[in-house]
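Please read the structure below before turning to the comments.
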Amino acid sequence: MSSNPSFPELEPLPSSISEQAGGLLHASHWMGLALHLPLRFEDHATLTAMDSLTVGQKVNLNATVMAKEVQYQPRKQLKVWVQDGDTELLLRWLHFYPGLIQKLEEGTQLLISGQIRQSYGCLEIVHPQIKISRLGQIGESSVSSANQAVQKLEPVYPSTGQLKQAQWRAWMKKLPRACFEDTLTEQQCKAHGLMPLNEALNTLHGEAEPHLLFDLNQRTHPAWTRLKVDELLAQQLLLQVYRTQRTQEKAETLPIGKSNLINAFLRQLPFRLTGAQQRALLEIQQDLAKPYPMQRLLQGDVGSGKTLVAALACLTAVEHGKQAAILAPTEVLAEQHYFKLKPLLDKVNVHSAKLLGNLKKSEKNRVLASLADGSCQVVIGTHALVQEAVAFNRLALVIVDEQHRFGVAQRLELIRKAPPGYLAHQLMMSATPIPRTLAQTYLSDLSVSNLDEKPPGRKPIITKLLSQGKRDQLIQAIELEINQGRQVYWVCPLIEESEKLDLQAAQATYEGLLEALPKHRIGLLHGKQDSKEKQSTMQAFSAGGIDLLVSTTVIEVGVDVGNASLMVIDQAERFGLAQLHQLRGRVGRGENQSVCVLLYGNPLSATAKARLKAMHESDDGFFLAEKDLEIRGPGELLGKRQSGMPMLRYADPMTERTLLQKARTIATEMNPDSAQAQRHIRRWTEETPWWLS
Ligand code: ADP
Ligand code: MG
């Protein structure tokens, strides 16, 4: 153990360690290794009496080697008989090193761990873990030290098949214990009731006494508390740094006040903005008036009027002589935005264009030229917008629809197409609200505008749960709906892992419905069709030429057919809550009372039941998002890509609010630019803030 207090904890690990453990370590420095904390602890010190063994039991035993034999038939194996008191036990190895045979001399005392099995005429353990606790003849000196080692709890590390626990323990032994600089002062530790860092690390890496087993495995021990608070603190500090860095970047300042264009645009709308839309627009315009890039999320249910707010944001840029770009995740969605927005923009003489992957070359070149010379003011497109060939004259605003479908890098590439030295303002849109608790933890540097008020005159959608056994009843309801001149969606699940089967099922459903409803026009839409076929089916449905559209989940969020009033979701138990809500949002857009039928098969799992129940009870996306968080937990809900933040490994701020509170308080006590804070952040992450990377 080195006592050098200035041990370079952020210095790279020896390549022998970092290469082997690379995939499992979150950072390649010594501190990173120290922060590879055990999954659980095992008690190798509590011994089972040999005369009370039962088959299947996992035990730790003390026993003495009585005899050994290498047997070659029916297969090569090492057999060792051990004894304690009157009881005998067989140890058996099918794979072993020659060295092992030599070690296991008669009279050697062993500490043995493993699971008891019934063998022919006796009990046995196959491939036990053993420790030699007395080397009979070789001398007594090793006894005490070996026994002492056995008294401690043994950490079990997250690992892969190739990396043995013994290897991890050996690496951890190399950690220069008691040398990591505590980034909290003694007073801070005392004030917040936290264990000093080195004490916590030593406890977790195998210096713990057996009676701590429960607290350590439950992760309630103060050693865990210290590490969890440290992890949360790093995250809170990082968010502070992100915020500061963003405010140091430059973006076009678009002062509030000029609004001729917006007023003209609003005058030609057949309705007034909702209160929520007005609030959101004002929040956006206040951000755009600042000299650094906006970082705002506009969230609201399908149909809450996000697209319109996006258009008004674009006009704010255009009003100041700048350009705006709307990035959509799919061609269908980009087409739809363009189809809706172009006529509105035309009326106020704003030039818009679409840029999609499937444009003809000449058409594409024309759009590219108009973006470069500034004559195109608003462009709507897919990933094609991100490509290198796309250059803008004065890009000031980027709007990203369904933001979670894009990686951080793609969005960054687009906001970098602003003039040199500038970044574009960024407005992200999502129809899947992020629960407030989650946003506060992971997204503190993201301002959020909520469209929590629907445009007037919408009738709430009725949601019904129907078991698969009642399909016939459903067919009748569909017929009734179609006879009244309305249209119906029938959505089938398509999960990647079972794509082939799911496609067959969708096809079969389609054929079944053709048979059951011979008088009606039925269409089929799925991802394996070519884009022409998909487009013509979608267009036929939009134009009322198809009564019933059977589809996999390819019909995107935002697809808008006002006359569709019935949505059937087949095998609803297989969809996530957010997805169910999105799908349901495709109906309820017109005058008519809309119904969503969730068709489920039995038996239902507890989580599936919880999801369907939530859907039945509410059609408020914000409420459902909180429910979803309850059901799924934050990890799944918020991938790293979406938050731009490293995910937490040890702390769970949703269930450990007090720890989060502690971390937040400490963060405010620290200066994020101080060497201490920087060191703390780098311990836990090697990430560069994403708009600088
Ligand atoms: P979102 O993008 O949130 O799904 P949209 O902006 O596409 O919602 O709006 C859905 C529909 O509601 C559109 O047909 C739009 O014209 C209409 N709409 C938007 N805002 C209002 C409003 N304030 N009053 C009435 N209708 C509105
Ligand atoms: Mg939309």
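Numbering of residues begins at 1 and proceeds along the displayed sequence. Since we're looking at a predicted model, the values are computed, not measured. The figures that follow rest on heavy atoms only: side chains count, while hydrogens, waters and symmetry mates do not. Read the numbers this way: they start at 1 and go in the same order the structure lists the ligands and their atoms.
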Using a heavy-atom cut-off of under 4.0 Å, does the side chain or the backbone of Val309 touch ligand 1, or both, or neither? neither
Side chain, backbone, both or neither: the part of Leu273 lying under 4.0 Å from ligand 1 by heavy atom: backbone
Kindly identify the option in Leu341, Thr307, Leu298 whose heavy atom sits closest to atom 2 (O) of ligand 1. Thr307
Closest to atom 7 (O) of ligand 1 (judged by heavy-atom distance), picking from Lys340, Gln277, Glu453, Lys454: Lys340
Ligand 1 atoms nearer than 4.0 angstrom to some heavy atom of Thr274 are 23 (N)
Should you measure from each heavy atom of Leu308, which atoms of ligand 1 turn up under 4.0 Å away? 6 (O), 20 (N)
Please determine whether any non-hydrogen atom of [X] lies less than 4.0 Å from an atom of ligand 1.
X: Ser304; value: yes
X: Arg272; value: yes
X: Asp301; value: yes

Mind checking whether [X] and [Y] have side chains closer than 4.5 Å, heavy atoms only?
X: Leu549; Y: Met538; result: yes
X: Phe575; Y: Pro493; result: yes
X: His526; Y: Leu503; result: yes
X: Val398; Y: Arg411; result: no

Look only at interatomic distance and state if Gly305 has a nitrogen or oxygen under 3.5 Å from any nitrogen or oxygen of ligand 1. yes
Below 3.5 angstrom, do we get any N/O pair linking Gly303 and ligand 1? yes
I'd like to know if the side chain of Gln299 and the backbone of Val448 have a donor-acceptor N/O pair within less than 3.5 Å. no
When rounded to the nearest 0.5 angstrom, what is the spacing between CD in Glu249 and CG in Leu423? 4.5 Å
In terms of heavy-atom contacts, does CD of Gln268 have more than 12 from other residues, nucleotides or ligands at under 6.0 Å? yes
Flag for Asp620-Ser618: side-chain donor and acceptor within less than 3.5 Å: no
